[in-house]
Structures are given as structure tokens and as C-alpha cells.
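Note sheet for the following structure.
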Amino acid sequence: VQLQASGGGLVQPGGSLRLSCAVSGFSLDDLAIGWFRQAPGKQREGISCINSVTNDDGSTHYADSVEGRFTISRDNTKNTLYLQMDNLQPDDTAVYLCAVRRDSWCILNPNRFDYWGRGTQVTVSS
């Protein structure tokens, strides 16, 4: 299983970014997959995840801190996970990572995820 996040960058407050996570070694439909972030000096935070479609209901889940601003989605033809981030704020500055859980349902707890990709830096600043 390999995951590679991309799409980070520098954006002004109120701006948008779309992150991508290219996945190989398994089908996005089969396992729970999610986005996490880690800011300097802070614990890794689960921000969004999506259940398996094949083995669960494919529903999405969000942390309160990003609900209504971030949208998780996937393109099964490209085996790629996305995170659309709108109305970004300085508190969103962090390294963003994608991860896979060896189960069909997701939980926003990084300790419950098994495979991790390298992160991509998101910086929100004026």
C-alpha cells in the first residue's frame, strides 16, 4: 500500500486549496481512508474520513473544526482521494497527510489508521 499526498501550498486567509492523495496497492472502495493534519508542536488531528463503499456505506465524516469548509471525495477511476478546503484560516496551517485503515468504517483517530503517506504542507497566511 502506498499513498502520496500533494496539492499543498501557501494561500491567503479565505482562500481555497484542493489536496490529492494518490493510492496504490488497494482499491479506494475497499477500505476506510482519511485526511489528517499536524501543526508544529501539536498532536496529529483527524479531520475527515470516508467509509468503504464495497464493505460499508461510503459515508463521510468530519471534525468539527472543518465541518462546512472542507469536503472529502474520491475518484475511483484514478484511485485518488481528494480534500477540497475552502475558507482557509491561519489555524489550518499544518502538514496534511492521508492514511488508510484496515477496516471498512472510519474513525477520526490517527492511532486507528495503518498506512500513511508523506504529507503536504499547507500554509495560510496574509
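In this structure, the side chain of Thr120 does not engage the main chain of Ser6 through any donor-acceptor pair within 3.5 Å. Judged by distance alone, with hydrogens and angles left aside, the side-chain atoms of Tyr62 form a donor-acceptor pair with the main-chain N or O of Ile72 at under 3.5 Å. Within the 3.5 Å criterion, the main-chain N or O of Gln38 finds no donor-acceptor partner in the side chain of Arg44. Remark: side-chain polar atoms of Asn79 are paired, donor with acceptor, to backbone N or O of Val23 under 3.5 angstrom. The backbone N or O of Cys106 lies less than 3.5 Å from a partner atom in the side chain of Asn51, making a donor-acceptor pair.
Salt-bridge check for Asp114 with Arg102: passed, with a basic side-chain N closer than 4.0 Å to an acidic carboxylate O. Salt-bridge annotation for Arg37 and Asp92: present, with a side-chain N of the basic residue lying under 4.0 Å from a carboxylate O of the acidic one.
Within the 4.5 Å cutoff, side-chain heavy atoms of Ser48 are placed close to those of Leu83. A heavy-atom distance below 4.5 Å is found between the side chains of Pro13 and Pro90. A heavy-atom distance below 4.5 Å is found between the side chains of Leu108 and Cys49. Using a 4.5 Å cut-off on side-chain heavy atoms (C-beta onward), Leu19 and Trp35 make contact. Side-chain contact check for Leu3 versus Val1: some heavy-atom pair is nearer than 4.5 Å.
In Gln2, the CD atom is not crowded: 12 or fewer heavy atoms of neighbouring residues, nucleotides or ligands sit closer than 6.0 Å. For Asp64, the CG atom is loosely surrounded, since the number of other residues' heavy atoms within 6.0 Å does not exceed 12.
For Phe26 and Tyr115, the ring centers sit 6.0 Å or farther from each other.
Under the 6.0 Å distance and 45° angle rule, Arg74 does not count as a cation-pi partner of Tyr82. Cation-pi check for Arg118 over Trp116 is not met; the charged atom does not lie both under 6.0 angstrom from the ring centroid and within 45 degrees of its normal.
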Side chain to side chain contact (heavy atoms under 4.5 Å, CB included) assessment of Val122 paired with Val124: CA-CA 7 Å; Val122 172; Val124 185; 4.2 Å; yes
Chi angles and distances behind the side chain to side chain contact (heavy atoms under 4.5 Å, CB included) call for Val11, Thr123: CA-CA 6 Å; Val11 63; Thr123 303; over 6 Å; no
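Nearest approach of Ala63 to Gly46, heavy atoms of both residues: CB-O, 3.5 Å. Of all non-hydrogen atoms in Leu28 and Asn76, the two that sit nearest each other are CB-OD1, 4.0 Å.
Between the CD atom in Gln43 and the CG atom in Asn111 there is a gap of 8.5 Å [rounded to 0.5 Å]. Taken to the nearest 0.5 Å, the CD1 atom of Ile50 stands 12.5 Å off from the CG atom of Leu31. Annotation: the span from Glu67 atom CD to Ile47 atom CD1 amounts to 12.0 Å, rounded to 0.5 Å. The distance from atom OG of Ser52 to atom CD1 of Ile33, rounded to the nearest 0.5 Å, is 11.0 Å. Here the CZ atom belonging to Arg18 is positioned 7.0 Å from the CD atom belonging to Gln84, to the nearest 0.5 angstrom. Note that the CZ atom of Phe113 and the CD1 atom of Ile107 stand 8.5 Å from one another [nearest 0.5 Å].
Judged purely by distance below 3.5 Å, without hydrogens or angles, the side chains of Ser24 and Gln4 never pair a donor atom with an acceptor atom. Between the side chains of Thr80 and Asp75, no donor-acceptor pair is found at a separation under 3.5 Å. Donor-acceptor pairing under 3.5 Å is recorded for the side chains of Thr54 and Asp30.
Taking the six-membered ring where tryptophan is involved, the planes of Tyr96 and Phe70 are tilted, since the angle between them lies from 30° to 60°.
Hydrophobic clustering keeps Val100 apart from Phe36 (ILVMFWY residues linked when any side-chain heavy atoms are closer than 4.5 Å, directly or through intermediates).
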